[in-house]
Each structure stands twice: as structure tokens, then as C-alpha cells.
A.B. asks: 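Next up is a structure, given as C-alpha cells.
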Amino acid sequence: DAMWVSSLCDSTSRGKPDIELVDLSDRIQTINEVMDVTTKPIILDMDTGGTAEHFAYNVRTLERIGVSAVIVEDKTGAKRNSLFGTIENFSEKIAAGKSAQRTEEFMIIARIESLILEKGQEDALARAAAYVAAGADAIMIHSRAKSPDEVIAFCDAFHASHPDVPIVAVPSSYNTITEAELATHGVRIVIYANQLTRAAFPSMENAARSILVHHRAHEIDKELLPIKDIIRLIEVV
């Protein structure tokens with residue numbers, strides 16, 4: 001098991017849009033807070049990772065503070081889709097990051113958005129192959145389809161040509177498929193990207209609405225975690 005530190009969730013928790021407005025120093029603060037309460041490996045959503053030069057520096061910083069892996073996406077600017085960037089530029093960024101890291105364990109995972117943008121399997125596979133050649137340790141394939149079919153088709157084709165390269169899947173939209181089913185197609189990491197944040201906000205909104213309607217907290221109290229359980233969540237060292 002590992003902890004996923006999402007750019008979307010980190011930005012949302014700070015009341016900021018998910019456009020890389022939260023800089024790396026603030027992201028590192030989140031990472032340190034997570035590390036205070038868990039020893040699990042951390043996978044960090046890095047969005048673009050900055051320029052190749054910045055990415056190399058950031059990789060070394062994140063490796064030093066204990067992050068295990070980063071996922072980076074080929075984009076030219078904040079939230080511009082990955083196909084505005086070129087395969088060559090992104091490959092250069094991956095290579096720069098791999099050259100900067102000091103340990104063999106640290107992973108740089110390349111995120112492929114071809115399926116999101118309806119560019120097809122051929123584009124996705126070409127990008128994946130180029131990024132692996134540049135040094136990417138794993139490939140994350142993304143899809144917003146309700147069916148897992150296009151992800152499975154990519155995984156089967158990519159795994160056939162790169163059997164030793166792990167595939168990362170994020171089954172947010174195609175959420176009927178199980179981890180075991182994904183694993184049979186070469187997926188080695190499954191990320192649940194934002195479900196906890198999406199679960200928390202309706203609960204908080206429901207509690208706030210109940211208090212506003214009833215002008216007291218009594219009606220919502222039965223749905224709340226007891227304070228004694230909150231206190232027990234964090235041990236005193």
C-alpha cells in the first residue's frame with residue numbers, strides 16, 4: 001500500500017483551483033504532514049513537474065525528503081492538455097529527472113492522456129514507448145470512459161511489448177473493474193485519486209446544513225465521529 005498525494009485534493013483543501021497554483025514548497029508541507037502520521041510510501045502527483053531543469057532539481061528535493069515516486073504529465077502550462085507538449089520535450093524532462101536522482105528506488109512515472117483526448121491507442125502506445133526509452137520507471141494510463149475496455153486494450157498492448165514496465169491505473173470513471181482484474185492485464189499500481197476528498201465534502205455540507213436548519217448540532221450528532229475517537233486517531237509520542 002502507498003499514499004497518493006493528489007494535486008487536485010491538495011489544491012482543493014487549500015481553497016485553490018487545480019492549476020498548479022500551489023507551489024512545491026506548499027506541497028512539501030503537505031508531504032511532511034502526511035509523513036508525520038504514516039510510514040507508507042508516498043506517490044506524489046506533480047502535474048507538469050516544471051521545466052526540465054526545475055524538474056531535475058525537484059526530483060532531488062523530493063527524493064531527499066522521502067517521497068518514493070512522482071507522476072508527471074506532459075503539458076506546456078497549467079492544465080493545458082498533454083498533447084500540447086511534444087514527445088521529445090517530455091522525454092528530455094524524464095531523462096533529466098532520472099539523471100538527477102541519487103537512489104535506484106525512486107520512481108518517475110509518466111502519465112499518458114491520449115485516451116482522455118481521444119487520440120487513440122496508437123498515440124498512447126507511441127508516447128508510452130518513448131517515455132520508457134527516456135527512462136520512465138512506469139506508465140500511468142488515464143481514461144474518462146465509463147467502461148475499462150480502452151484501458152485494458154492499452155494495457156494488453158503495452159504489456160506485451162514491455163512486460164517488465166509497471167502500469168499504473170486510476171479507475172475513477174471506470175470504477176466497476178477490480179484491482180485483481182486490472183492486475184491480470186499488467187497493472188501493478190491502482191490509484192484511488194480523489195474518493196476520500198469527494199466523500200468528505202458532502203458529509204461536511206450535510207452537517208453544516210443540519211446546523212443551519214435546526215440552529216443546533218443535536219440532529220447531526222449521531223452521524224459524527226465521537227470526539228474521543230478523534231483524539232485516539234493521533235497518538236501522543
Side-chain angles (χ1 to χ4, degrees), residues 1-10 20 24 27-28 30-35 38-75 82 85 87-115 124-143 151 154-155 158-172 179 182-183 185-194:
D1 292 345
M3 304 296 293
W4 166 245
V5 179
S6 159
S7 173
L8 170 65
C9 296
D10 205 357
E20 296 191 65
L24 185 63
R27 302 294 309 281
I28 287 173
T30 299
I31 293 165
N32 285 331
E33 290 169 352
V34 170
M35 286 180 167
T38 185
T39 57
K40 292 183 181 296
I42 289 180
I43 303 173
L44 177 66
D45 176 7
M46 277 195 79
D47 288 321
T48 68
T51 65
E53 294 81 5
H54 292 171
F55 181 59
Y57 178 84
N58 292 340
V59 161
R60 187 162 291 180
T61 299
L62 293 166
E63 184 184 24
R64 185 174 65 248
I65 68 172
V67 170
S68 296
V70 296
I71 293 184
V72 62
E73 178 182 352
D74 183 4
K75 293 182 292 190
S82 58
I87 291 178
E88 292 75 18
N89 288 345
F90 193 56
S91 296
E92 178 186 343
K93 184 181 295 186
I94 291 169
K98 293 303 295 180
S99 295
Q101 71 181 65
R102 297 184 182 277
T103 65
E104 292 186 3
E105 293 78 14
F106 188 85
M107 294 180 69
I108 295 176
I109 301 168
R111 170 172 163 169
I112 307 291
E113 293 239 314
S114 301
L115 302 183
L125 291 167
R127 288 175 179 274
Y131 300 156
V132 169
D137 299 293
I139 293 296
M140 172 183 154
I141 185 63
H142 212 19
S143 169
V151 168
F154 171 88
C155 291
F158 180 76
H159 189 59
S161 57
H162 298 83
D164 298 324
V165 179
I167 303 172
V168 182
V170 188
S172 297
E179 295 165 5
L182 287 168
H185 297 279
V187 173
R188 294 294 172 261
I189 299 174
V190 177
I191 294 176
Y192 297 99
N194 48 42

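Only a predicted model underlies this, so the values are computations on that prediction, with no experimental measurement involved. Throughout, numbering of the chain's residues begins at 1 and tracks the sequence.
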A.B. asks: Taking ring pair (Phe, Tyr, Trp, His ring centres under 6.0 Å) as the test, write out the residues that go with His159, two or more places apart.
C.D. replies: none
A.B. asks: Under the ring pair (Phe, Tyr, Trp, His ring centres under 6.0 Å) test, which residues partner Phe154, sequence neighbours left out?
C.D. replies: Phe158
A.B. asks: Look up atom CD1 in Ile28 and atom CG in Leu44, then write down how far apart they are to the nearest 0.5 Å.
C.D. replies: 9.0 Å
A.B. asks: Determine whether a donor-acceptor pair (N or O, by modelled atom type, separation under 3.5 Å) exists between the side chain of Asp1 and the backbone of Met3.
C.D. replies: no
A.B. asks: For Ala193, enumerate each residue passing the side-chain contact (heavy atoms from CB on, under 4.5 Å) test, keeping only those at least two apart in sequence or located in another chain.
C.D. replies: Trp4, Val170, Ser172, Ile191
A.B. asks: Not counting sequence neighbours, which residues clear side-chain contact (heavy atoms from CB on, under 4.5 Å) with Cys155? List them please.
C.D. replies: Ile141, Val151, Ile167, His185, Val187
A.B. asks: Would you please name every residue forming a side-chain contact (heavy atoms from CB on, under 4.5 Å) with Ala136, sequence neighbours left out?
C.D. replies: Ile94, Ala110, Tyr131
A.B. asks: Could you give the distance from CG (Asp47) to CD (Glu73), rounded to the nearest 0.5 Å?
C.D. replies: 7.0 Å
A.B. asks: Please round to the nearest 0.5 Å and tell me the distance separating atom OG of Ser68 and atom CD of Glu105.
C.D. replies: 9.5 Å
A.B. asks: Can any side-chain N or O of Gln101 pair as donor or acceptor with the backbone N or O of Glu63 at less than 3.5 Å?
C.D. replies: no
A.B. asks: Backbone N or O of Ala100 within a donor-acceptor pair of the Arg60 side chain at under 3.5 Å?
C.D. replies: yes
A.B. asks: Mind checking what makes side-chain hydrogen bond (donor to acceptor under 3.5 Å, both in side chains) contact with Glu33, not counting sequence neighbours?
C.D. replies: Gln29
A.B. asks: Under the side-chain contact (heavy atoms from CB on, under 4.5 Å) test, which residues partner Ala183, sequence neighbours left out?
C.D. replies: Arg188
A.B. asks: For Glu92, give me all partners under side-chain hydrogen bond (donor to acceptor under 3.5 Å, both in side chains), at least two apart in sequence or on another chain.
C.D. replies: none
A.B. asks: Any donor-acceptor pair under 3.5 Å linking the side chain of Ser91 with the backbone of Ile87?
C.D. replies: yes
A.B. asks: Please enumerate all residues that pass side-chain hydrogen bond (donor to acceptor under 3.5 Å, both in side chains) together with Asn32, with sequence neighbours excluded.
C.D. replies: none
A.B. asks: I'd like to know if the side chain of Lys93 reaches the main chain of Thr48, judged simply by a donor and an acceptor atom lying under 3.5 Å from each other, with no hydrogens or angles considered.
C.D. replies: yes
A.B. asks: What's the separation between atom CZ in Arg127 and atom CD1 in Ile139, rounded to the nearest 0.5 Å?
C.D. replies: 11.5 Å
A.B. asks: With rounding to the nearest 0.5 angstrom, report the OG1 to OH distance, Thr51 to Tyr57.
C.D. replies: 12.5 Å
A.B. asks: Please find the pair of heavy atoms, one from Phe90 and one from Val72, that lie closest to each other, and give the distance.
C.D. replies: CZ-O, 3.3 Å
A.B. asks: Mind checking what makes salt bridge (Lys or Arg N to Asp or Glu O under 4.0 Å) contact with Asp10, not counting sequence neighbours?
C.D. replies: Arg14, Arg27
A.B. asks: So, for Val165 and Ala138, which heavy atoms are closest and what is the spacing to 0.1 Å?
C.D. replies: CG1-CA, 3.9 Å
A.B. asks: Mind checking what makes side-chain hydrogen bond (donor to acceptor under 3.5 Å, both in side chains) contact with Tyr192, not counting sequence neighbours?
C.D. replies: Glu179
A.B. asks: If only atom types and distance count, is the side chain of Asp137 paired as donor or acceptor with the main-chain N or O of Ile109 below 3.5 Å?
C.D. replies: no
A.B. asks: Measuring only between side-chain heavy atoms, which start at C-beta, is Leu62 closer than 4.5 Å to Ile31?
C.D. replies: yes
A.B. asks: For the OG1 atom of Thr103 and the CZ atom of Arg64, what is their distance to the nearest 0.5 Å?
C.D. replies: 12.5 Å
